[in-house]
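Along the sequence shown, residues are numbered consecutively beginning with 1. Remember, predicted model here, so these are calculated numbers, not experimental data.
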Amino acid sequence: MGMILVLAFWAVAILLLSLASGLLTLPFSCLLCKRQRKRKMLLCFLTPGTALCTYAAGSFVCMVVIAVILGTDIGIGDSWSAALKNHYELASTGAPENGGICRKDDPCGEVLVSEVTHLQVLGDSVIGKADGSYFIFNLKNGAHTDSLTYQELTRHISPSAIRLVDNSTYYREQRLTYQELTRHISPSAIRLVDNSTYYREQRKTAYAIAGVLCLLLTALSVWLLWRIGLHGFQKK
């Protein structure tokens, strides 16, 4: 339902913006166009809508393709997901700050580790923090050890290899925990990333490429509109 509402909102917004932009072009086209004035005024009115609709449609198609290829959510609505390994994924509903680890192919959607606030993928394992304690999750067989202290975590994982995910609130509200962490790892070596950043990093390169492709497609559609509008219906 969240995705449908978002799509409906954007459809209405694009329609209104296209109409308003098209109306704004009419006075300029009327003053600047001397030949084929009526036709060019119509083309000017249609140009913003054509550009916006082409870019929006192209973006939606690219988002679906990227989601299928990378195993992530489409990027619309109130749910987030990002692939880990071996059919496991990190998924969140409502807000990305808290997520859970589950299997993609599980029909019941059982959450194996809940309340995940930050994580790091190390080979075939995921380490992270959930519900105030640390955990280790094996991506090969699904075995996991929960409710670990940081000291217990470092018995399994070398401190120099740990790059835990977190957010700015954690830095402010959990100052003592952060100080304890820096006793084991040099502060310059710590790279903390929250769930939102993890979701974003999984697709940022693909989204950048898709954005460029959508811009090229938009330019092509506008060019075709004017090409056909000015020359396609002329009598020979």
Salt bridge (charged side-chain N to carboxylate O under 4.0 Å, His left out) contacts touching residues 110-127 (sequence neighbours left out): Lys85-Asp124, Asp124-Lys140
Residues that, via side-chain heavy atoms closer than 4.5 angstrom, fall in one hydrophobic cluster with Val111: none
For residues 53-72, run the donor-acceptor check on the side chains, cut-off 3.5 Å, and write out each pair with its distance to 0.1 Å, sequence neighbours left out.
unit_1: Thr54; atom_1: OG1; unit_2: Thr50; atom_2: O; d: 2.6
unit_1: Thr54; atom_1: OG1; unit_2: Ser221; atom_2: OG; d: 3.2
unit_1: Ser59; atom_1: OG; unit_2: Tyr55; atom_2: O; d: 2.7

Members besides Val12 in its Ile/Leu/Val/Met/Phe/Trp/Tyr cluster (side-chain heavy atoms under 4.5 Å): Leu16
Value rounded to 0.5 Å, distance of NZ in Lys104 from NE2 in His87: 8.5 Å
Exercise: identify the closest heavy-atom pair between Lys129 and Phe135: N-CE2, 3.6 Å
Qualifying ring-ring contact (aromatic ring centres under 6.0 Å, His included) pairs, either residue in residues 7-27, two or more places apart: none
Pairwise distance CG(Leu42) to CG(Leu225) - rounded to 0.5 angstrom: 8.0 Å
Qualifying residue for side chain to side chain contact (heavy atoms under 4.5 Å, CB included) with Val113, from Asp131, Asp146, Leu119, Ile136: Asp146
By side chain to side chain contact (heavy atoms under 4.5 Å, CB included) - contacts of Ser133 (at least two apart): Ser147
With sequence neighbours excluded, residues passing side chain to side chain contact (heavy atoms under 4.5 Å, CB included) with Leu15: none
Residues in side chain to side chain contact (heavy atoms under 4.5 Å, CB included) contact with Ser29, at least two apart in sequence or another chain: Leu26, Cys33, Met41, Cys44
Leu24 reachable from Leu46 in the ILVMFWY side-chain graph, under 4.5 Å edges: no
Point-to-point distance, once rounded to the nearest 0.5 Å, from CG of Leu230 to CG of Leu43: 5.5 Å
Value rounded to 0.5 Å, distance of CD1 in Ile76 from CD1 in Ile4: 11.5 Å
Which side-chain N or O atoms in residues 207-219 pair as donor and acceptor under 3.5 Å with protein atoms at least two apart or in another chain?
unit_1: Tyr207; atom_1: OH; unit_2: Ile74; atom_2: O; d: 3.2
unit_1: Thr218; atom_1: OG1; unit_2: Cys214; atom_2: O; d: 2.7

NE2 on His144 to CG on Asn138, rounded to 0.5 Å: 10.5 Å
Over all atoms of both residues, closest heavy-atom pair of Thr149 and Tyr134: C-CD1, 3.8 Å
Distance (rounded to the nearest 0.5 Å) between Cys30 SG and Lys40 NZ: 13.0 Å
All side chain to side chain donor-acceptor pair (under 3.5 Å) counterparts of Thr47, not counting sequence neighbours: Trp226
Linked, directly or transitively: Val116 and Val121 (ILVMFWY side chains, under 4.5 Å): yes
Stepwise side-chain contact (heavy atoms from CB on, under 4.5 Å) test for Leu90 and Trp80: CA-CA 8 Å; Leu90 174 70; Trp80 293 263; over 6 Å; no
Residue pairs fulfilling salt bridge (charged side-chain N to carboxylate O under 4.0 Å, His left out) with at least one residue in residues 57-73, sequence neighbours excluded: Asp73-Arg203
Criterion side-chain contact (heavy atoms from CB on, under 4.5 Å) on Thr117 and Asn98, from CA distance to verdict: CA-CA 5 Å; Thr117 57; Asn98 288 297; 3.3 Å; yes
Heavy-atom closest pair, residues Ala143 and Asn141: N-OD1, 2.9 Å
Distance-minimising heavy-atom pair for Tyr88 and Leu112: CE2-CD1, 3.6 Å
Remaining members of the apolar cluster that contains Leu220, side-chain heavy atoms under 4.5 Å: Trp223, Leu224
